[in-house]
Amino acid sequence: MRDRYEPAEIEAAAQQEWAAAGTFAVREDASRPKYYCLCMFPYPSGKLHMGHVRNYTIGDVLSRYMRMQGCNVLQPMGWDAFGLPAENAAIENGVAPAKWTRDNIAHMKRQLQSLGFGIDWSRELATCDPDYYRWNQWLFLRMLERGIAYKTTGTVNWDPVDQTVLANEQVIDGRGWRTGAPVERREIPMYYLRITQYAEELLGALDRLDEWPERVRTMQANWIGRSEGVNAAFPYRIDGHDGALRVFTTRADTIMGTTFVAVAAEHPLAELAAQRDAQVRAFVDDCRRSSVMEADLATLEKKGVATGLAVRHPLSGAAIPVWVGNYVLMAYGEGAVMGVPGHDERDFAFAKKYGLPILPVIDVEGRPYSTDAWQPWYSDHGRCVNSGAYDGLDYAAAVDAIARDLEAGGLGRKQVVWRLRDWGISRQRYWGCPIPIIHCPACGDVPVPDADLPVRLPEDLVPDGTGNPLAKSKAFVECRCPKCGVEAQRETDTMDTFVDSSWYFFRFACAGNDRAMVDGRAAYWMPVDQYIGGIEHAILHLLYARFWTRVMRDCGLTAVDEPFRRLLTQGMVLNEIWFRKPASGRIVYYHPSEVAEGKLKADGQAVESGGMGTMSKSRRNGVDPQQLVDRYGADTARLFMMSNVPPEHTFEWSDEGVEGAFRFMKRLWKAVHAHVQGGHAGRPDVATLDAGQRALRRLVHQTLAKVGDDIGRRRMFNTAIAAVMELYNALAASADRSPQGRAVMQEALEGVVLMLSPFVPHATQAMWRALGRDSLLVDERWPAADEAALAQDTSTIVVQVNGKLRGRIDVPVDAAESDVREAALADPSVAKFVAGQPVRKFVYVPGKLVNVVV
RNA sequence: GCCCCGGUGGCGAAACUGGUAGACGCUACGGACUUAAAAUCCGUUGGCCGCAAGGCCAUGCAGGUUCGACUCCUGCCCGGGGCACCA
């Protein structure tokens, strides 16, 4: 063993040894428990970023830990390789997305390998490989057959200059990011997946995902958004046509307080009114120009316009005016709402603004009502008033009675409504999985026969920002109808990239099968035992994957309902943001390393601080992991990313923290070196240890128990590392060089090496050898804590008087409460604060604490 | 706007099931070694009062429950994530 810690050399040697032994290639093995540890696969954006390092280090620590627990561990890796950035790079540099993507993959793969992750690379996949995406197409066709996939129109952002559809991200302040032209909404035909058909199951099953973070389950439940309410019809006769305006409400008990109804701009009644009234036309057109993003819609000033039309109240028969409101969402419920200004805050504000009547119909006991100003309790449940036959009923009774009466009149019923919408998967983009449909002038939309799959994406096209290159490629578009053989056109839309990431975990388990989407190997490995990825995926990706898995189940491809048994949502990695905003033009960002004390190093002038934000290319605040590995080694990079912060928290980058981790590695290396220089050390004779040796040995075994628990149960890698550092500090303070002392030290250092091996696998392998052990450390078992070593004769009890810490007493571990009480009251400091007052209460927490209440 | 999460020293944090607030690391300061610096090692490091022993205050803010609250409850303030075409 060298006396200096040389990570480059050590890490190369360890990685070669693993490669030579095929350490991380796994296959199905019924004799051991399987453990499938999966990290969300990366988008190949160019270089690894710190979020990746954090994500994959967490996965690798858990994989290596579970391997030490005796599990057959699968840890695969692949590439979420389709997506918008490849097209943007193409527009900027003129390089084909395929080449750009594959070059990035090659580079990032080398980076991952240099970090020493225990990945089974034989299972690597990229979603842009036809061998992968053909199964997207294949299952899509099964969905069409089952009516899960269907076609209808959807709304997109349209850039009128580039004649192209824009992603939400490409719309900045209502304008196209490249052209600056005001974006328009367009209705185009799109394919949808009927995820709403699974809404009930997706919601109900959340209860059984008890190893998912509570907050993710809550977010998903709210996203799916089950609402129980009443669907009510407001009949009308307009231009001699009879009809009914349908609304959905969760507050049917307030229906007698309806003083207007509001419809979305896209609602048929709005369109009807617009045809008759120029003002309505202008308002509706204005609404259609606004953003399609919900966050934008929800923050708009609430505006409306009267249509001049009226509907009849379904119970009272009163005439109710119809308004168009910019806050009414066509996609939720019926695209129309009943306006009850008396008991809905938004309706109240709307009524005030437009002079509509406010009619209180609920009495909340003990609370006054005045139409002058909104009060929070106006929307509370209460008893009906001013509601005719319903007066005096509480919420549940009123809803029941009103639903019954509506139903009797054929004007309504109870209804469950979901916030969840069907999943639109059509993208008017090149770099994605082609949708396997052929448009035939005679037969209509014809599915591509299975035998013709995959529909290959041509890889030589270079997008230029105008339209979809696929649509311009004759070679791709022109084809024959599979049914009748006439000239036909291929669908040029591609699939949402969320499709690619909705089932890749199945494919890892049965890599290389070119005859089926999945096989029996997937049955062995699935479900994923531990899934790890960013909290930003808490809703969409995870929900789509849960949905897709159920579709596969219903197609007979798997018996699994839930793809991910346990979920860890890692926090984001943040760094400082620095920028300048020129009077005209775009914001310019500067990397934190270019800035010192708020000034740009290059010109000495001030730059603005954007605080801490996620590391991103666009904000130029990423830290390149490669530099970290080159300078300190992979082990230090891994140790640093796992230290100091629990994995679920946001991680704030700090250069000094890296130095700290590196120092610890050097210190530990030296300690092992110094110990080994003293020659062979035997096993401790536990019967003859002195008090100091027993205490040190107890700490070793306490730490073993704690670290195992921190990794295995709590996923608190930061406290696991802290506990090992604490143990190291105690070892470093020990000056016992007796044979027994050295034997305890040998046991302790072996324990430290084993405990740290999931975090810093290269250096610990070298130390393991230095300590005289010949095996591959990855194949060792996690050591169980020795119960005998943990035993203690006395315990220290904290003594409080009136809840304040006043003293500590040492008592035998098996002391009776009366003895503890006596000892506590005898403590001089305690006696001082009790000062002869009678003890009103004596609280005793055995082995821990007493509280004397006087 | 809506949904979710978080807020503890100079900084990142720990305190797991309501029971010793600040483990561990970083920074800063002091010291040792050195011709010097770096590296390394040792010590101090929540605030206030005190020579000390010790005491008081303190977990975003304002209340509440409890023998006891960082932890539970109510309201507020601030920060982060998501909002369906970034992945």
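Just so you know, these numbers come straight off a predicted model, no measurement behind them. So that the names make sense, note that chain A is the first sequence line, chain B the second, and so on, each numbered from 1. Every heavy atom of this structure was used, including side-chain atoms; hydrogens, water molecules and symmetry mates were not.
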| field | Atom pair OH/CG of A:Tyr43 and A:Leu84 - distance to nearest 0.5 Å | value | 8.0 Å
| field | Separation of B:C86 P from A:His541 NE2 (nearest whole Å) | value | 16 Å
| Does any donor atom in the side chain of A:Thr796 or A:Asp810 lie under 3.5 Å from an acceptor atom in the other side chain? | yes
| Lys/Arg-Asp/Glu bridge criterion (N-O < 4.0 Å) met for A:Asp344, A:Arg251 | no
| request: For each nucleotide in nucleotides 44-61 of chain B, reading 5' to 3', give B when a protein heavy atom comes within less than 4.0 Å of its base, S when such contact involves only the sugar-phosphate, and - otherwise. | output: -----------SSS----
| task | Using atom types as modelled and distance alone, determine if a side-chain donor or acceptor of A:Lys353 lies under 3.5 Å from a backbone N or O of A:Lys302. | result | yes
| When you check the gap from the basic side-chain N to the acidic O, do A:Lys706 and A:Glu726 get nearer than 4.0 Å? | no
| Checking only heavy atoms, does the side chain of A:Arg840 share a donor-acceptor pair with the base of B:C67 at less than 3.5 Å? | no
| said: Counting Watson-Crick and G-U wobble pairs with both distances under 3.5 Å, what is the dot-bracket string for RNA chain B, 5' to 3', using [ ] for crossing pairs and | for pairs to another strand? | reply: (((((((..(((......[....))).(((((.......))))).((((....))))..(((((..]....))))))))))))....
| Between A:Asp159 and A:Trp177: side-chain donor-acceptor atoms closer than 3.5 Å | no
| Taking only N and O in the side chain of A:His649, is any of them less than 4.0 Å away from OP1 or OP2 of B:G6? | no
| query | Can you check ring-ring contact (aromatic ring centres under 6.0 Å, His included) on A:Tyr504 and A:Trp548, steps first, answer last? | reply | CA-CA 11 Å; A:Tyr504 70 107; A:Trp548 193 279; over 10 Å; no
| No-H, no-angle donor-acceptor pair, A:Asn222 side chain to B:C3 base, under 3.5 Å | no
| said: For A:Trp503 and A:Tyr132, take the angle between the two ring planes, folded into 0 to 90°, and tell me which bin it lands in: parallel under 30, tilted 30 to 60, perpendicular over 60. | reply: parallel
Would you tabulate the nitrogen or oxygen pairs shorter than 3.5 Å linking the protein to nucleotides 23-33 of chain B?
residue: B:A23; atom: O2'; partner: A:Glu726; partner atom: OE1; Å: 3.0
residue: B:A23; atom: O2'; partner: A:Glu726; partner atom: OE2; Å: 3.0
residue: B:G25; atom: OP1; partner: A:Asn729; partner atom: ND2; Å: 3.4
residue: B:C26; atom: OP1; partner: A:Arg663; partner atom: NE; Å: 3.3
residue: B:C26; atom: OP1; partner: A:Arg663; partner atom: NH2; Å: 2.9
residue: B:U27; atom: OP2; partner: A:Arg663; partner atom: NH2; Å: 3.3

| Can the ring centroids of A:Trp653 and A:Phe640 be said to lie less than 6.0 angstrom from one another? | yes
| message | Which is it for B:G9, anti or syn, if anything within 90° of zero counts as syn? | response | syn
| task | Taking only the side-chain nitrogens and oxygens of A:Arg714, find out if one of them lies under 4.0 Å from OP1 or OP2 of B:U17. | result | no
| Do A:Tyr728 and A:Phe664 have their ring centres less than 6.0 Å from each other? | yes
| message | Say we look at B:U8 and B:G1: how far apart would their C1' atoms be, to the nearest angstrom? | response | 31 Å
